[in-house]
Colleague: 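I have a structure here, written as structure tokens, and I will follow up with some questions on it.
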Amino acid sequence: MSFRLLKRAGDGSAARRGELATPHGTVQTPAFMPVGTRGSVKALAPRVLEEIGSQIILGNTYHLFLRPGLEIVAGAGGLHEFINWPHPILTDSGGFQVFSLAGLRKIEKDGVRFASHIDGTRFFLGPRESMRIQRTLNSDIVMAFDECTPYPATWETAAKSLDITLRWEAMSRDQELNPDQQLFGIVQGSVYEDLRRRSAEELVKIGFDGYAIGGVSVGEPEHEMLKVVDWTTPFLPEEKPRYLMGMGTPRQIVEAVARGVDMFDCVMPTRLARHGSAFLTAGGMLPVKAGRYARDYGPLDPDCGCYCCRTFSRAYLRHLMNVGEILALEMVSLHNVHYFLELTRRIREAIELDRFAEFRNRPEFAQP
RNA sequence: GGUGGGGUUCCCGAGUGGCUAAAGGGGGCAGACUGUAAAUCUGCUGGUUGUACCUUCGGUGGUUCGAAUCCACCCCCCACCA
């Protein structure tokens with residue numbers, strides 16, 4: 001159960017093809033992982049996710065711990081069984097909620113004291129608790145407990161945050177997991193080169209099954225995000241998978257692959273779909289609700305082969321979106337997630353065919 | 001034919017003398033969204049280039065320094081009674 005590096009792009013970039021074996025199947029990388037925070041990729045049934053080529057999805061420790069609670073998931077036999085997704089699952093540790101729920105928590109030595117965003121109930125989540133929860137969920141890939149450092153942060157703040165995270169990650173490593181669960185460490189250090197390097201080197205010393213780059217896509221400009229990747233991947237072992245957390249736009253994904261990243265997750269395709277924006281294969285976004293599509297009987301994305309684009313017109317989807325029909329959310333979500341999965345599939349293909357440099361230069365990935 | 005209630009900006013609807021270009025919804029338009037407190041949130045929505053002027057509250061004519069708001073007549077709508 002581990003990562004195999006299959007091929008390097010050999011075009012001067014650090015792009016690579018690999019595969020990550022887990023108890024629930026093998027993930028071809030570079031891979032996009034749809035986000036299913038509360039045990040569901042919003043609006044998409046597992047069967048649909050399979051049809052559009054999802055290899056692995058995310059779940060979230062914080063959210064699943066609060067609802068439905070560990071006992072209920074354990075009663076089903078684990079998260080895979082509970083949500084009926086027999087393929088790989090990666091669970092985030094709750095570290096992102098330390099960032100996103102900043103107003104509802106207090107950081108302490110061994111973890112974080114939260115007030116539930118649902119009813120205010122107090123509870124404690126640290127590396128010990130997060131590992132115990134993720135062990136019960138029995139996800140294939142477990143994320144170490146970290147603090148996603150907010151942006152902007154001064155060097156001093158980022159350094160202090162990194163110290164806490166490194167301590168928590170070492171503690172995470174010391175916890176017992178199920179035999180085939182893999183544990184990924186998370187590099188922090190905000191936008192500071194020395195901190196990122198230190199973070200990567202310290203994590204490698206601890207030794208993880210894979211390495212994530214966290215603390216990105218938290219409001220910083222794109223060039224900062226990519227610089228962080230530039231500063232980090234050189235210090236991560238070649239033979240381990242790299243996961244860029246929370247990113248990104250299609251262009252950002254391509255650029256991160258070029259810098260040696262293997263795995264991605266992002267809420268963007270699902271959230272934007274529910275808010276009425278569709279990704280276009282030719283580049284850019286289509287505002288589904290816009291009045292100019294009222295009588296557009298063509299497909300949502302003429303270059304897309306997904307069920308939504310094969311079946312429905314822009315005029316109909318706009319109508320559904322405007323009247324608030326659930327089908328609109330499902331169809332545009334399907335399309336957007338399909339787009340991201342297809343993007344990573346094309347990246348894998350390009351690397352295999354030694355055409356990644358060419359692919360990367362396509363106009364749809366140009367700087368806007 | 002009689003009695004009562006109404007006609008407000010794209011729609012619904014508040015407003016009964018100055019602080020009203022007119023509350024609040026809806027709709028429309030635009031924008032945001034990156035390990036999901038998000039099927040969410042923000043802004044605009046009479047006209048012209050302004051904290052300025054013009055047009056606007058069924059119609060016409062009055063009262064008043066000032067009217068969507070008061071008066072007269074007219075036109076339409078609704079309910080009930082004949």
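Proteins get letters first, then strands, A, B, ... in listed order; numbering begins at 1 in each. All values below come from the heavy atoms of this structure, side chains included, with hydrogens, waters and symmetry mates left out.
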Colleague: Identify whether any heavy atom of A:S277 sits under 4.0 Å from a base atom; if not, whether one sits that close to sugar-phosphate; answer base, sugar-phosphate or nothing.
Modeller: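 Base: the residue A:S277, judged by heavy atoms under 4.0 Å, touches a nucleobase.
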Colleague: Looking at B:U36, B:U34, B:U40, which one has an atom nearest to any side-chain atom of A:H275?
Modeller: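 Of the options given, the side chain of A:H275 lies nearest B:U40.
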Colleague: Considering every strand shown, what is the Watson-Crick or G-U wobble mate of B:U3 when both distances are under 3.5 Å?
Modeller: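 Paired with B:U3, as far as the under-3.5 Å criterion goes, is B:A79.
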Colleague: Evaluate side chain to side chain donor-acceptor pair (under 3.5 Å) for A:T165 paired with A:Q188, printing each intermediate quantity in order.
Modeller: CA-CA 8 Å; A:T165 283; A:Q188 290 290 341; 5.5 Å; no
Colleague: What about A:F114 and A:F123, are their ring centers closer than 6.0 Å?
Modeller: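 Yes - the distance between ring centres of A:F114 and A:F123 falls below the 6.0 Å cut-off.
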Colleague: Which of these nucleotides, B:G28, B:G35, B:A39, is closest to any side-chain atom of A:N322?
Modeller: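 Closest nucleotide to the A:N322 side chain: B:G28.
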Colleague: Taking NZ in A:K7 as the centre, count heavy atoms belonging to other residues, nucleotides or ligands within less than 6.0 Å. Is the count above 12?
Modeller: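 Atom NZ in A:K7 is crowded, with more than 12 foreign heavy atoms closer than 6.0 Å.
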Colleague: Whom does B:A30 pair with, Watson-Crick or G-U wobble, provided both distances fall under 3.5 Å?
Modeller: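 Result: B:U42.
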Colleague: Using purine N1 to pyrimidine N3 plus N6-O4 or O6-N4 for Watson-Crick, or N1-O2 and O6-N3 for G-U wobble, both under 3.5 Å, which nucleotide pairs with B:U16?
Modeller: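 Partner of B:U16: none.
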Colleague: Is any side-chain heavy atom of A:V48 less than 4.5 Å from a side-chain heavy atom of A:H338?
Modeller: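 Side chain of A:V48 against side chain of A:H338, heavy atoms only: no contact under 4.5 Å found.
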Colleague: Regarding A:G324, tell me which of base, sugar-phosphate or nothing describes its non-hydrogen contacts under 4.0 Å with the strands shown.
Modeller: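 Counting heavy atoms under 4.0 Å across all strands, no contact is made by A:G324.
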Colleague: Across the strands shown, which category fits A:Q188 at heavy-atom distances under 4.0 angstrom: base, sugar-phosphate, nothing?
Modeller: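 A:Q188: base contact, heavy atoms under 4.0 Å.
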Colleague: Under 4.0 Å, heavy atoms only, any strand: does A:L90 hit a base, just the sugar-phosphate, or nothing?
Modeller: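 If one applies the 4.0 Å heavy-atom cut-off, A:L90 turns out to touch nothing in the nucleic acid.
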Colleague: Kindly indicate, with the supporting measurements, whether the criterion side chain to side chain contact (heavy atoms under 4.5 Å, CB included) is fulfilled by A:N138 and A:Q181.
Modeller: CA-CA 7 Å; A:N138 195 30; A:Q181 283 188 300; 4.0 Å; yes
Colleague: Over all strands shown, is A:Q252 touching base, sugar-phosphate only, or nothing at heavy-atom distances under 4.0 angstrom?
Modeller: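 The residue A:Q252 makes base contact.
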Colleague: Verify the contact: side-chain N or O of A:Q97 to OP1 or OP2 of B:U36, cut-off strictly under 4.0 Å; return yes or no.
Modeller: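 Affirmative; the distance criterion is met.
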Colleague: Within the 4.0 Å heavy-atom criterion, would you say A:D146 contacts the bases, only the backbone, or no part of the nucleic acid?
Modeller: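 If one applies the 4.0 Å heavy-atom cut-off, A:D146 turns out to touch a base.
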Colleague: OP1, OP2 of B:U40 versus side-chain N and O of A:R271: anything below 4.0 Å?
Modeller: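 Result: no.
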Colleague: Looking at B:U34, I'd like to know if its phosphate oxygens (OP1 or OP2) sit under 4.0 Å from a side-chain N or O belonging to A:S217.
Modeller: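 False: A:S217 side-chain N/O out of range (4.0 Å or more) of B:U34 OP1/OP2.
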Colleague: For B:U34, does either OP1 or OP2 sit under 4.0 Å from a side-chain N or O belonging to A:T249?
Modeller: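 For B:U34, OP1/OP2 do not have a side-chain N/O of A:T249 under 4.0 Å.
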Colleague: Contact class for A:R251 (heavy atom, under 4.0 Å): base, sugar-phosphate, or nothing?
Modeller: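 Answer is nothing: A:R251 stays at 4.0 Å or more from every strand.
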Colleague: Regarding A:L104, tell me which of base, sugar-phosphate or nothing describes its non-hydrogen contacts under 4.0 Å with the strands shown.
Modeller: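 Base: the residue A:L104, judged by heavy atoms under 4.0 Å, touches a nucleobase.
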Colleague: Checking contacts here: which listed nucleotide (B:A30, B:G35, B:A39) is nearest the side-chain heavy atoms of A:L329?
Modeller: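 Among B:A30, B:G35, B:A39, the one nearest the side chain of A:L329 is B:A39.
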Colleague: Base, sugar-phosphate, or nothing: which does A:D265 touch, judged by heavy atoms less than 4.0 Å apart?
Modeller: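 Here A:D265 touches the backbone only, sparing every base.
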Colleague: Using a heavy-atom cut-off of 4.0 Å across all strands, would you classify A:R318 as base, sugar-phosphate, or nothing?
Modeller: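 Here A:R318 touches the backbone only, sparing every base.
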